[in-house]
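In this text, all values refer to a predicted model and were calculated from it rather than measured experimentally. Basis for what follows: all heavy atoms, side chains included, without hydrogens, waters or symmetry-related copies. To find a chain, count down the sequence lines: A is the first, B the second, and so on, and within it residues start at 1.
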2 protein chains.
Amino acid sequence: MDSKGAATRALILETAMRLFQERGYGKTTMRAIAEAAGVSVGNAYYYFASKEQLIQGFYDRLQADHLVAARLALVGETDLARRLGVVLKTWLDVAEPYHQFAAQFFVTAADPASPLSPFSSDSKEARDASIEIQVEAVYGASTKIDPKLRETLPELAWLGMMGLVLYWIHDTSAGRAKSYKLVDQCVPIAGKVVKLSRYPVAKAMIREVADICLEHGISPRIPKPPVRPDTSAK
Amino acid sequence: MDSKGAATRALILETAMRLFQERGYGKTTMRAIAEAAGVSVGNAYYYFASKEQLIQGFYDRLQADHLVAARLALVGETDLARRLGVVLKTWLDVAEPYHQFAAQFFVTAADPASPLSPFSSDSKEARDASIEIQVEAVYGASTKIDPKLRETLPELAWLGMMGLVLYWIHDTSAGRAKSYKLVDQCVPIAGKVVKLSRYPVAKAMIREVADICLEHGISPRIPKPPVRPDTSAK
DNA sequence: CCAACGACTTGAACGTGTTCAACATGGAGG
DNA sequence: CCTCCATGTTGAACACGTTCAAGTCGTTGG
């Protein structure tokens, strides 16, 4: 059994998350975390290579929570654009409690040199997982859609979500009301764009956009099975 | 005269910029800067509140250079989309020498708590200046365009430029070739979108987008004079 | 029971950004 | 010439993230 080490690791992570929420990331020192957890500073570094890495634990949990919440909320929703909106709104839901220090996190994650960067190869697994839910949202919809667009849409949606995250980070409105409203306003527009993709002129343009995304796409092509939402753990 | 202090300040800034380029931002210590400049550490902090603030000097210069370069390159170009492309490409030009440590800079600038954040009120002046060139690009074009779109376009273009910067930061291709290519590919699409804005269906949609941008717009409305490019200092 | 090994834990020490009380300088007013 | 004050300047000291040589502890093989 791996109980001893795993228990200490979990204890340190829990303590860190709690302090991060209480005081914010910047004002929480490694010494404070160690003291509050009843271990030594060096011990924390035995389990986490850096203060940043402590946050990877938070990130993983956030994403897992989002995946569950989004899958649940997607049930019964067949409209493509609304499905994408659901994915975004459930993210806002699960992320809300951590808004203050999540901002700090996503900032350090923006560093291309950081292993936490969503574009870094170190976090390929996490990124693929976060695109996975977009794939499910797209392929689980009944809305008719240009196949080429469908292929690129998950990545586009993921990029849009990154944009939303950026907006959300700077959103100081109560309960992040403005972020929710932004999603609500964008969803119908996304629906219209998808519908427009049937007209030849727009279709050509959208294909152009899709091509650019494929060429410059940040994520390597991931397999896109005609997914049936499935709540079993991976 | 303010020579003594100003001279020391300039000396420290120059030294810091040189070391940043030589060793990168992270590996350049305040002690090294002070030593290389022949002053004490405390003296550097007398002129710059933090290591980050040292970078504001670089940022101001970069932006001023971009403004000059873009205005020059805009002369004779009347097509709207191409004008926007010119603005983006001249930015890539002037930023290229600083790519390595500029990335570091833009990362810290992404922090909403940082005074360097493009969304922070502390840097309103810098942000307005960087939107200013977009205003000039839009209002100096001969291309016909929906007035409502025209009003929002500078901000949209600025947002697009932020996106390009994000892409550029992660761009490791030689000479940032991929970033240039991305601009080249996006310019014609932008042109088509603008043309589409004449058709009723697309027009309605574009107005919707414009409305959302106005409502959620990060920058307070800036006056938009029918600008004639003018190279006099502000 | 012992020895040895690996997993786990410790806290002092290092390099960093930053602060601060003290000092230097040089010009204005007496 | 002296005093005073603002401006500039200093370097030791602080708090932090991080490293590491040394230690503890439980388990395994003899």
| Between A:Tyr45 and A:Lys51, is there a cation-pi geometry (under 6.0 Å to ring centre, at most 45° from the normal)? |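 Pair A:Lys51/A:Tyr45 does not count as cation-pi.
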Phosphate contact ([N] OP1 or OP2) by [X] side-chain N/O below 4.0 Å:
{"X": "B:Thr8", "N": "D:dT9", "answer": "yes"}
{"X": "A:Tyr46", "N": "D:dC20", "answer": "no"}
{"X": "A:Tyr45", "N": "D:dT19", "answer": "no"}

| query | Is any N or O donor-acceptor pair between the side chain of B:Arg31 and the base of C:dG15 shorter than 3.5 Å? | reply |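 Such a pair does not exist between side chain and base.
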Whole Å only: how far is the [atom1] atom of [X] from the [atom2] atom of [N]?
{"X": "A:Glu52", "N": "D:dT18", "atom1": "CD", "atom2": "C1'", "value": "13 Å"}
{"X": "B:Leu11", "N": "D:dG8", "atom1": "CG", "atom2": "P", "value": "14 Å"}
{"X": "A:Tyr47", "N": "D:dT18", "atom1": "OH", "atom2": "P", "value": "18 Å"}

Give a yes or no on whether a salt bridge exists between [X] and [Y], defined as a side-chain N under 4.0 angstrom from a carboxylate O.
{"X": "B:Glu96", "Y": "B:Lys89", "result": "no"}
{"X": "B:Arg82", "Y": "B:Glu77", "result": "yes"}
{"X": "A:Glu215", "Y": "B:Lys181", "result": "yes"}
{"X": "B:Glu22", "Y": "B:Arg18", "result": "yes"}

| field | Toward the 5' end of DNA chain D, by each residue's nearest nucleotide, A:Thr28 or A:Gly42 | value |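 Nearest nucleotide further toward 5': that of A:Thr28.
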| task | Find which nucleotide of DNA chain D each of A:Thr29 and A:Asn43 is nearest to by heavy atoms, and output the residue with the more 5' nucleotide. | result |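 Per heavy-atom nearest nucleotide, the more 5' residue is A:Thr29.
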| Canonical and wobble pairing (Watson-Crick, G-U, under 3.5 Å) of DNA chain D, dot-bracket with | | ||||||||||||||||||||||||||||||
| said: Within the 4.0 Å heavy-atom criterion, would you say B:Val39 contacts the bases, only the backbone, or no part of the nucleic acid? | reply: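 B:Val39: backbone/sugar contact only, no base atoms under 4.0 Å.
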